[in-house]
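Since the structure comes first, as structure tokens, the remarks are kept for the end.
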Amino acid sequence: MDAGTLVGWFDANARELPWRADGTTPWGVLVSEIMLQQTPVARVEPVWLDWMARWPRPSALAAVSRGEVVRAWGKLGYPRRALRLHEAATVIAAEHDDTVPSDVDTLLSLPGIGAYTARAVAAFAYGRRAPVVDTNVRRVVARAVHGAGDAGQPSTKRDLSDVDDLLPVEEKLAARLSIALMELGAIVCTARSPRCTMCPIHAECAWQLAGTPEYTGPAKAVQTYAGTDRQVRGKLLDVLRGTAGPVPKSRLDVVWSDAGQREACLASLLDDGLVEQLADGRFTLPGEHQAGSPK
DNA sequence: AAAACGTGGAT
DNA sequence: TATCCAAGTTT
């Protein structure tokens, strides 16, 4: 597929997202990428704006308590991401001169940054040539290149190789193609009702040429939520997020009737460092109060 | 390498 | 109302 076609389409049709504005720092890009993991753009936007206003550099985030970070994370979900971002900021401030690394291997060494995020930061923040593979890109490649209805099981090695094959040699153009592929998957080549008539590569799409066959691979695992520990942890944490100060255990006991599951979830939150218990027995978000001194 | 890990809007 | 799904990472 022609990089110029897709990049031209991107330039004319890309959404104006705050982290794409001129002047966005690599730190801003990193924050957006972490927040966007498994979380829709619309929910990230307001939180990102608030976050960047409060903590415009990694060192600013590193300077506040974990609890403050978890509170600001709000209801984006998967709050361990907030903790890992806080850790990553601490490392960046202390070991990288407060500058987000531009090299994929260094990025991969930071907590919360995996195969996707490392390359997204390298490409979007630094204009590097890096195969950026997320769920959107996997779907675009499955259709446009392989002629399948949807992507099969992820395979980091093969997925990276597939996309690497599409990228031109020239760095800046490759980086632009990477973000164009993602955007195409996000707004045109979507999971449910792809807008194929608006697609810039409609004529050369292998899926179109094959007659848009149905997806035939293994069924995707359906993710349940109701009744899971995930739900219980969410309810417990929501009590602490919604309260300024420490709360007695009785406040947490009312969110879930199954005491065994409730206790296990509270223990796991303490273990994760998302919740802290004070000397007087009350619970708080971590680091917002003196753990050793009552009241 | 499968499973855990939040949340809420859209269909 | 129920299911799907959203810029993944970690263990």
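Each chain gets a letter, A, B and so on, in the order its sequence line appears, and its residues count up from 1.
A salt bridge links R129(A) with D164(A): the closest approach of a Lys/Arg side-chain nitrogen to an acidic carboxylate oxygen falls below 4.0 angstrom.
Contacts of R81(A) classified as salt bridge (charged side-chain N to carboxylate O under 4.0 Å, His left out), with partners at least two apart in sequence or in another chain: none. Remark: K172(A) pairs with no residue by the salt bridge (charged side-chain N to carboxylate O under 4.0 Å, His left out) rule, at least two apart or across chains. In terms of the side chain to side chain contact (heavy atoms under 4.5 Å, CB included) criterion, residue partners of T284(A) (sequence neighbours excluded) are, by chain and number, P246(A), E276(A), L278(A), H289(A). Applying the salt bridge (charged side-chain N to carboxylate O under 4.0 Å, His left out) rule to R241(A) yields the partners D238(A); only residues at least two apart in sequence or on another chain are considered. E263(A) is linked by a salt bridge (charged side-chain N to carboxylate O under 4.0 Å, His left out) to K249(A), counting only residues two or more places apart in sequence or in another chain.
The stretch residues 134-148 of chain A comes close to DNA chain C through D134(A), T135(A), N136(A), R139(A), each having a heavy atom under 4.0 Å from the strand. Remark: P111(A), G112(A), I113(A), G114(A), A115(A), Y116(A), T117(A) in residues 111-118 of chain A come within less than 4.0 Å of DNA chain C through at least one heavy atom. Listed by residue number, the members of residues 2-30 of chain A with any heavy atom below 4.0 angstrom from DNA chain B form an empty set.
In the hydrophobic clustering of this structure, L83(A) does not group with V47(A); members are Ile, Leu, Val, Met, Phe, Trp, Tyr whose side-chain heavy atoms approach within less than 4.5 Å, directly or through other members. The cluster map of Ile, Leu, Val, Met, Phe, Trp and Tyr, joined by side-chain heavy atoms under 4.5 Å apart, puts L76(A) and L30(A) in the same cluster. One hydrophobic cluster, built from ILVMFWY side chains closer than 4.5 Å, cannot hold both W207(A) and V145(A); they sit in different ones.
dG6(B) atom P lies 4 Å from atom CZ of R233(A), rounded to whole Å. Atom C1' of nucleotide dA7(C) and atom CE of M35(A) are separated by 13 Å, given to the nearest angstrom. If you take CG of L237(A) and P of dG6(B), they are 8 Å apart, rounded to a whole angstrom. One can place CD of E87(A) at 10 Å from P of dT10(C), the figure rounded to the nearest angstrom. At whole-Å resolution of the value, CD1 in I187(A) and C1' in dA7(C) are 13 Å apart. One interatomic measurement links the two molecules: CG of L36(A) to P of dA7(C), which rounds to 9 Å at whole-angstrom precision. When rounded to the nearest whole Å, the span between CG of L236(A) and C1' of dT7(B) equals 15 Å. To the nearest angstrom, P of dA7(C) lies 12 Å from CZ of F124(A).
Between dT7(B) and R241(A), a contact under 4.0 Å exists linking OP1 or OP2 to a side-chain N or O. The phosphate of dA6(C) (OP1 or OP2) has no side-chain N or O of Q38(A) nearer than 4.0 angstrom. An OP1 or OP2 oxygen of dT7(B) is reached within less than 4.0 angstrom by no side-chain nitrogen or oxygen of Y78(A).
With dG6(B), dA7(C), dG8(C) as the choices, the nucleotide that has an atom nearest any side-chain atom of R230(A) turns out to be dG6(B). Comparing dT9(C), dT7(B), dA7(C) by their closest approach to the side chain of Q223(A) singles out dT7(B). Considering only the side chain of M182(A), dA7(C) comes nearest among dA6(C), dT9(C), dA7(C). Listed nucleotides: dC5(B), dA7(C), dC4(C). Nearest to the side chain of R80(A): dC5(B).
Across all strands shown, A120(A) has no heavy atoms under 4.0 Å from either base or sugar-phosphate atoms.
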Do any N or O atoms of the protein come closer than 3.5 Å to N or O atoms of nucleotides 8-11 of chain B, and which pairs are they?
none

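For residues 42-58 of chain A, the side-chain hydrogen bond (donor to acceptor under 3.5 Å, both in side chains) pairs, not counting sequence neighbours, are R54(A)-E68(A). Among pairs with a residue in residues 184-197 of chain A, none fulfils side-chain hydrogen bond (donor to acceptor under 3.5 Å, both in side chains), at least two apart in sequence or across chains.
With P as the reference atom, dA7(C) and dC5(B) are 23 Å apart, rounded to whole Å. dG6(B) and dT11(C) have their P atoms separated by 14 Å, given to the nearest Å.
A side-chain donor from one of E33(A) and Y116(A) sits under 3.5 Å from a side-chain acceptor of the other.
Remark: side-chain polar atoms of R262(A) are paired, donor with acceptor, to backbone N or O of W256(A) under 3.5 angstrom.
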Enumerate, atom names and distances included, each donor-acceptor pair closer than 3.5 Å involving a side-chain atom of residues 107-115 of chain A, sequence neighbours excluded.
residue, atom, partner, partner atom, Å
S109(A), OG, T106(A), O, 2.6

Item to complete: Would you check, one step at a time, whether the test side-chain contact (heavy atoms from CB on, under 4.5 Å) holds for R128(A) with V104(A)?
Response: CA-CA 9 Å; R128(A) 297 296 179 83; V104(A) 170; over 6 Å; no
